[in-house]
S.K.: 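Just dropping this structure here.
Letters A, B, ... mirror the listed sequences (proteins, then strands); counts begin at 1.
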Number of protein chains: 2
Amino acid sequence: MTDASQTAAGPFEGYLCFSVYAAGLAFNRLYKQVLDRFGLTYPQYLVLVALRQRDGRTVSELGEALFLESNTLTPLIKRLEAAGLVERRRDTRDERVVRVSLSDAGRALAVDIECVPPQIGEAIGIDHARLGQMAQTLDELAAGLRRAVRD
Amino acid sequence: MTDASQTAAGPFEGYLCFSVYAAGLAFNRLYKQVLDRFGLTYPQYLVLVALRQRDGRTVSELGEALFLESNTLTPLIKRLEAAGLVERRRDTRDERVVRVSLSDAGRALAVDIECVPPQIGEAIGIDHARLGQMAQTLDELAAGLRRAVRD
DNA sequence: GGAATATAAATCGCACACGATTTAATCGCA
DNA sequence: TGCGATTAAATCGTGTGCGATTTATATTCC
């Protein structure tokens with residue numbers, strides 16, 4: 001018996017941290033549903049989008065765009081490479097740097113997944129302007145958080 | 001050579017999914033800084049807060065509160081148990097159910113960590129009313145997302 | 001009462017995320 | 001020129017998340 005009136009959930013009313021956490025979980029699940037069809041995870045999807053916008057980014061540049069570091073990105077990119085979607089090459093001018101570029105298959109997939117954001121937007125059932133507003137609010141919050149982490 | 005003028009970051013302008021993702025990462029990092037001192041991770045912190053609000057919750061009830069399932073919660077709770085913060089007991093009336101309750105140490109820690117949210121709030125540097133507004137916005141978004149996942 | 005069904009946790013495998021460290025290449029500068 | 005400092009990735013270990021399955025207990029209903 002599930003008694004909705006008793007609010008088993010809800011010890012975190014007004015905890016912004018929890019709202020962000022829960023929204024992240026929920027977004028992740030929705031994206032998983034949509035991206036499973038393409039065999040991609042959400043961060044992998046982000047890498048493809050970033051590379052489509054500018055190919056041949058270095059691991060560090062991808063990290064700046066996605067707010068991730070090499071310890072997360074290296075294995076992720078290697079999985080994309082194993083899937084035949086990207087290629088990793090050491091920069092000839094600076095052998096420390098690894099440049100990531102889309103393969104033909106990766107470029108094709110990057111085009112295919114352009115349909116994802118509007119599809120998600122529609123599924124959420126909140127009007128577009130409001131979603132944009134939310135994004136702006138969150139970016140402001142994330143900026144505040146990153147400032148706080150840096151001290 | 002890092003060319004800041006070229007905006008290596010930023011291929012996700014206006015992508016709400018990315019704003020949520022990035023805010024989640026940023027929140028997680030800030031909380032990690034603060035919670036490390038208590039030897040807690042963020043989800044572990046949430047479990048303690050939930051149990052302080054009502055002790056003896058079942059794994060399922062914790063799952064409803066945190067939007068997680070037993071596959072995530074069981075190992076997490078076992079780590080809390082190993083740390084001596086909670087106790088796990090099979091319900092005598094229904095042996096399928098596991099009830100989780102705070103140990104003395106857990107209760108004490110649950111009191112200690114009450115200082116965390118205000119500390120975080122201050123670190124962010126965004127006024128309290130605006131934070132509450134953001135939480136409300138995000139809850140609305142998360143509700144929309146969960147509706148969409150259920151189809 | 002007993003077999004089919006349902007439910008609660010637990011288990012397993014995989015993919016992030018991240019602190020800490022390591023390796024390799026480049027830079028800075030005396 | 002050469003050596004210490006810096007930088008870019010990679011590696012390692014731990015802790016989530018989650019789909020899929022398994023195990024154990026409870027319920028249903030004939």
S.K.: Using 4.0 Å as the upper bound for N to carboxylate O, is an ion pair formed by Arg93(B) and Asp91(B)?
M.R.: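 No, Asp91(B) and Arg93(B) are not salt-bridged.
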S.K.: Look at the side chain of Arg90(B) and the backbone N and O of Glu95(B), then say whether any donor-acceptor pair between them is shorter than 3.5 Å.
M.R.: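 Such a contact is found between Arg90(B) side chain and Glu95(B) backbone.
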S.K.: When we call it a touch if two heavy atoms are under 4.0 Å apart, what does Gln44(B) touch: a base, just sugar-phosphate, or nothing?
M.R.: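 It contacts sugar-phosphate atoms only.
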S.K.: What pairs of nitrogen or oxygen atoms, one from the protein and one from nucleotides 2-4 of chain D, lie under 3.5 Å apart?
M.R.:
none

S.K.: Strictly by Watson-Crick or wobble contacts shorter than 3.5 Å, is anything paired with dG19(D), and which nucleotide is it?
M.R.: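 With both distances under 3.5 Å, dG19(D) matches dC12(C).
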S.K.: Check the angle between the aromatic planes of Phe18(B) and Tyr21(B) and answer parallel, tilted or perpendicular using the 30° and 60° thresholds.
M.R.: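 The rings of Phe18(B) and Tyr21(B) sit tilted, inter-plane angle from 30° to 60°.
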S.K.: Rounded to the Å, how far apart are Glu69(A) CD and dG19(C) P?
M.R.: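 Rounded to the whole Å, the gap is 7 Å.
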S.K.: Any donor-acceptor pair under 3.5 Å between the side chain of Ser70(A) and the base of dA8(D)?
M.R.: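 Answer is no: no donor-acceptor pair is held.
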S.K.: Examine distances only and state if a side-chain atom of Arg57(B) and a backbone atom of Ala50(B) form a donor-acceptor pair shorter than 3.5 Å.
M.R.: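 Such a contact is found between Arg57(B) side chain and Ala50(B) backbone.
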S.K.: Identify, residue by residue, the members of residues 18-36 of chain A with a heavy atom below 4.0 Å from DNA chain D, and return them in order of residue number, or none.
M.R.: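 The stretch gives Tyr21(A), Leu25(A), Arg29(A), Lys32(A) as the residues lying under 4.0 Å from the strand, ordered by number.
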S.K.: Whole Å only: how far is the CG atom of Leu73(A) from the C1' atom of dA17(C)?
M.R.: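 Roughly 10 Å, once rounded to whole Å.
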S.K.: Let me know the distance between CG of Leu76(A) and P of dA9(D), rounded to the nearest Å.
M.R.: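 Answer to the nearest Å: 15 Å.
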S.K.: State whether a side-chain donor-acceptor pair under 3.5 Å links Ser19(B) with Asp139(A).
M.R.: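 Short answer, yes.
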S.K.: Whole angstrom is fine here: how far is it from CD1 in Ile77(B) over to P in dT11(C)?
M.R.: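 Taking atom P of dT11(C) as the reference, CD1 of Ile77(B) is at 12 Å.
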S.K.: Here's a test of your reading of the structure: between Asn71(B) and Leu68(A), which maps to the more 5' nucleotide of DNA chain C?
M.R.: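 Here Asn71(B) is the residue nearer the 5' end.
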S.K.: When you measure from the side chain of Tyr31(B) to the backbone N and O of Cys17(A), does any donor-acceptor pair fall under 3.5 Å?
M.R.: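 No, because the side chain of Tyr31(B) does not come within donor-acceptor range (under 3.5 Å) of the backbone of Cys17(A).
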S.K.: Going by side chain to side chain contact (heavy atoms under 4.5 Å, CB included), Leu46(A) matches just one of Leu66(A), Leu76(A), Leu68(A). Which one?
M.R.: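 Only one option passes, and that is Leu66(A).
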S.K.: Could you tell me whether the phosphate oxygens of dT11(C), OP1 or OP2, come under 4.0 Å of any side-chain nitrogen or oxygen in Lys78(B)?
M.R.: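 It does, given that an N or O in the side chain of Lys78(B) lies less than 4.0 Å from OP1 or OP2 of dT11(C).
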S.K.: Might you confirm whether atom CD of Glu69(A) has over 12 heavy atoms from other residues, nucleotides or ligands at distances under 6.0 Å?
M.R.: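 Atom CD in Glu69(A) is not crowded, with 12 or fewer foreign heavy atoms closer than 6.0 Å.
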S.K.: Within the side chain of Ser103(B), is there an N or O that forms a donor-acceptor pair under 3.5 Å with the backbone of Gly84(B)?
M.R.: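 Pair found, side chain donor or acceptor close to backbone of Gly84(B).
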S.K.: Using a cut-off of strictly less than 4.0 Å, decide whether Thr74(A) has a side-chain nitrogen or oxygen near OP1 or OP2 of dT11(D).
M.R.: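 Checking dT11(D) against Thr74(A), no side-chain N or O comes under 4.0 Å of OP1 or OP2.
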S.K.: dT16(D), OP1 or OP2 - any side-chain N/O from Thr41(B) closer than 4.0 Å?
M.R.: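 For dT16(D), OP1/OP2 do have a side-chain N/O of Thr41(B) under 4.0 Å.
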S.K.: Has Thr58(A) got a side-chain N or O lying under 4.0 Å from the OP1 or OP2 atom of dA9(D)?
M.R.: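 Yes, Thr58(A) has a side-chain N/O under 4.0 Å of OP1/OP2 on dA9(D).
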S.K.: Rounded to whole Å, please give me the gap between CZ in Arg79(A) and C1' in dT11(D).
M.R.: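 Roughly 14 Å, once rounded to whole Å.
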S.K.: Expressed in angstrom and rounded to an integer, what is the separation of Leu80(B) atom CG from dG15(D) atom C1'?
M.R.: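 Answer to the nearest Å: 12 Å.
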S.K.: What nucleotide, of dC18(D), dA17(C), dC12(D), holds the atom closest to the side chain of Thr72(A)?
M.R.: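 In terms of side-chain proximity for Thr72(A), the closest of dC18(D), dA17(C), dC12(D) is dA17(C).
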S.K.: Any side-chain heavy atom of Pro11(A) sitting closer than 4.5 Å to one from Arg54(B)?
M.R.: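 No. Closest side-chain heavy atoms not under 4.5 Å.
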S.K.: Under 4.0 Å, counting only non-hydrogen atoms across every strand here, what does Arg99(A) touch: a base, just sugar-phosphate, or nothing?
M.R.: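 The answer is nothing, as Arg99(A) stays clear of every strand by at least 4.0 Å.
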S.K.: Taking CD in Gln33(B) as the centre, count heavy atoms belonging to other residues, nucleotides or ligands within less than 6.0 Å. Is the count above 12?
M.R.: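 Yes.
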S.K.: Might you list the N or O atoms of the protein lying below 3.5 Å from N or O atoms in nucleotides 22-29 of chain C, with each pair's distance?
M.R.:
residue	atom	partner	partner atom	Å
dT26(C)	OP1	Glu95(A)	N	3.2

S.K.: Taking the side chain of Val98(B) as heavy atoms from C-beta outward, which of dT11(D), dA10(C), dT16(D) is closest to it?
M.R.: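 Per side-chain heavy atoms of Val98(B), the pick is dA10(C).
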S.K.: When you measure from the side chain of Arg99(B) to the backbone N and O of Gly56(B), does any donor-acceptor pair fall under 3.5 Å?
M.R.: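 It does hold such a pair.
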